[in-house]
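Reviewing the structure listed below.
The chains referred to below are lettered A, B, ... by the order of the sequence lines, with proteins before strands, and numbering in each begins at 1.
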Amino acid sequence: MNILLQLVVSGIAVGMIYGVIAFSYQLTFVTSKTLNFGQGEALMLGALVGLTTINFLIGQALGNWLAYLLMLPVVFVFGMAQGTVVEWLGVRRAVEAKSEAGWIMATIALGIIFRNLAENIWGRDALRFPSPLPEAALNIGPIRVQPMEIAIVLGALAMMLAVEVFNRRTIYGKAVVATANDKDAADLMGINTRRVITFSYALSSTTAALAGVLIAPVTLTGATMGAALGLKAFAVAIIGGLSSGMGVIVGGLILGITETLTGYYISTGYKDVPGLVLLLLVLSLKPSGLFGRAAIKKV
Amino acid sequence: MRLKWILTAAAVSFAMAGAAIAADPIKIGLSGPFTGGSSSMGVSMRDGVKLAVAEINKNGGVLGRPLVLVERDDEAKNEVSVQIAQELINKEEVIATLGFINTGVALASQRFYQEAEIPVINNVATGTAITQQFLPPKDKANYIFRTSANDTIQSAMIAEEAVKRQGFKKPAILADSTNYGQLGRQDLEKALATMGIKPVATEKFNIGDTDMTAQLLRAKEAGADVILTYAIGPELAQIANGMAKLGWKVPMIGSWTLSMASFIDTAGANGEGAMMPQTFIQLGDTPKRKAFIDAYQAAYKVDRIPSPVSAAQGYDSVYLLAAAITQAGSTDGKKVREALENLKTKVEGVVTIYDKPFSATDHEAITSNIPVFGVVKGGRVVAAHPEDIAGDKAVRVKPATN
């Protein structure tokens, strides 16, 4: 029983990592029906920019905790800028040209460029990210958790909540929701939907960048850290449903927990299989995802 | 008329003599990952090689000619390395190549050198198959040599250390899913089997995996008393950190990659005590080794050599090649290979003293008696059993074979 609990807890921490990246995929999809396939790279860049910033701040004789807090706004701004660049260079032209697949290739290409850039700036070694919290694990009943794992779960939830509140309470958020519901109607109502889409890309990359610095103390940082995570999170977004914020959390938890449970109860060699089988099942039985709304696409 | 001939002949011979005095350099290829995940090994190897070349050139070169390195970054990628091999052979016309950190890269690219009959000295890659790819009588002659401790030697040492020396009876093997990890796991299982031991758990993980809870819990529940590893730095660090998270501590003993900076630095305190076979430890226990370490630190302005083993093996590979060229009196690939297989002079390297290191049938300079166990202590690798390298055991040499 204790083992099962321990596995579930570790699975939740991993699952929340997937969930928060999947959430950032979902942000752009609702407004523009496009995705940034370089989202893993947005996460990686955020983490590496965060690493450089935090090391600089610690060098200024600040404590880990304070340095971490001061680093967050830098990463926030960087993420906004990075997302804007992706939308301008990769998505806008393709969408205006009504190209069905242009934005797919463009965002993948940008992702590769960002990765090469990062390799040349930071090298390809895995680097240690200073942890703002103590690294010793806490005993909670029979299970053990790293404080940073708890921070990941709480941080991911807080980020998603912040975006939800923004969308519901502010006029700008309402513009985003309106664009998500019906882009053409929003256009007619005088909403600058083009700007809303750019903004949703900026928000999406910022979410990924912040996810990067949130998980980095646990996972190590490096130019290749985004590749595997970005792919897993994409599977989560499909499983949970690309139109549902709730779905990606549940999807992430399902995948994270299945992975650790399969690793223990079946074989660590087959750890990744059930998640992918689940993905295939969802695609064949409910293509809009477990929590997705079925969309009627007029052709 | 006759005078003109004489003048021409004189001019030609002067020109040739002039060429001999200017001494066209001997070109040697150097291939390894100088960027990327294995770059700490690649860069240390390259710097060790460069140090030896600089020393040799300062003392007049080989056959009166200076050595020149043609360095290429293979990025640990097979396809890049294959291109480099062809460029080094056909365009640069190197007379030998040193290097290879990654077993897959070595296996993919040394084929071209074999076909061109140009010797290769592998100075870091450890895959057992590397020197056995072109064995006679299948091939006429084998051009592939090695100065690192191969995986057969390392896995036997790991099993010996864990079972015989420290008395562990229930090992768990944790290996990554790459060729390196899985071939190493096979070697380890074989080595354990010869001692009548079967691992209580054999677990696997992928490069980039961030959570080792399942693997570690399986090993723990199976009652493992030691963890044997075959993986590289970042994932090894995740194992050490994962154990700390679960509050479970058993010793880690594994292949030489536990000395990688990416393991030692990222595992921090959790990595203390990890043990691995090493052909060279940055200790300066003999005058030769001390001189090497001092020269390295002075030349590259570092205190800790990123990968001391790679640097030392790289350094020695140059001296072995230089001795072979001198003995052959030529840079012809065939003659250099023959000289390597029958070296008449003893070569004093930093790893060992090479007394007939190779023969026609044995291209491994390192035997199982040469490496010692290192242990991570205070963020550095030191000798695990100081008595192993004390007194006359400091330099261990390959036993003579007749």
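Minimum interatomic distance between B/K245 and A/E149 (heavy atoms only, all atoms of both residues): NZ-OE2, 3.1 Å. Taking all atoms of both residues into account, the shortest heavy-atom contact from A/V218 to B/Q238 is O-NE2, 3.5 Å.
Neither the backbone nor the side chain of A/F129 comes within less than 4.5 Å of any heavy atom of chain B. Neither the backbone nor the side chain of A/N139 comes within less than 4.5 Å of any heavy atom of chain B. Heavy atoms of B/A267 lying under 4.5 Å from chain A belong exclusively to its backbone. Neither the backbone nor the side chain of B/S177 comes within contact range of chain A; no heavy atom of the residue lies under 4.5 Å from a heavy atom of that chain. B/E75 touches chain A through backbone and side chain together, each having a heavy atom under 4.5 Å away. Only the side chain of B/D209 comes within contact range of chain A, with at least one heavy atom under 4.5 Å from a heavy atom of that chain. For A/L261, no part sits under 4.5 Å from any heavy atom of chain B, backbone or side chain.
Within 6.0 Å of atom NZ in B/K198, 12 or fewer heavy atoms from other residues, nucleotides or ligands are found, so the atom counts as exposed in its surroundings. Environment of CD in B/Q83: sparse, with no more than 12 heavy atoms of neighbouring residues, nucleotides or ligands closer than 6.0 Å. More than 12 heavy atoms of other residues, nucleotides or ligands lie within 6.0 Å of OH in A/Y265, so this atom counts as buried by the packing criterion.
When A/L7, A/T224, A/T260 are compared by the number of non-hydrogen pairs under 4.5 Å with chain B, A/L7 comes out ahead. The residue among A/K271, A/E135, A/R144 with the most heavy atom pairs within less than 4.5 Å of chain B is A/R144.
Residues of residues 210-220 of chain B placed with any heavy atom under 4.5 Å of a heavy atom in chain A are listed by number as B/T210, B/D211, B/T213, B/A214, B/Q215, B/L217, B/R218.
The backbone N or O of A/R128 sits nowhere less than 3.5 Å from a side-chain atom of B/T266 that would complete a donor-acceptor pair.
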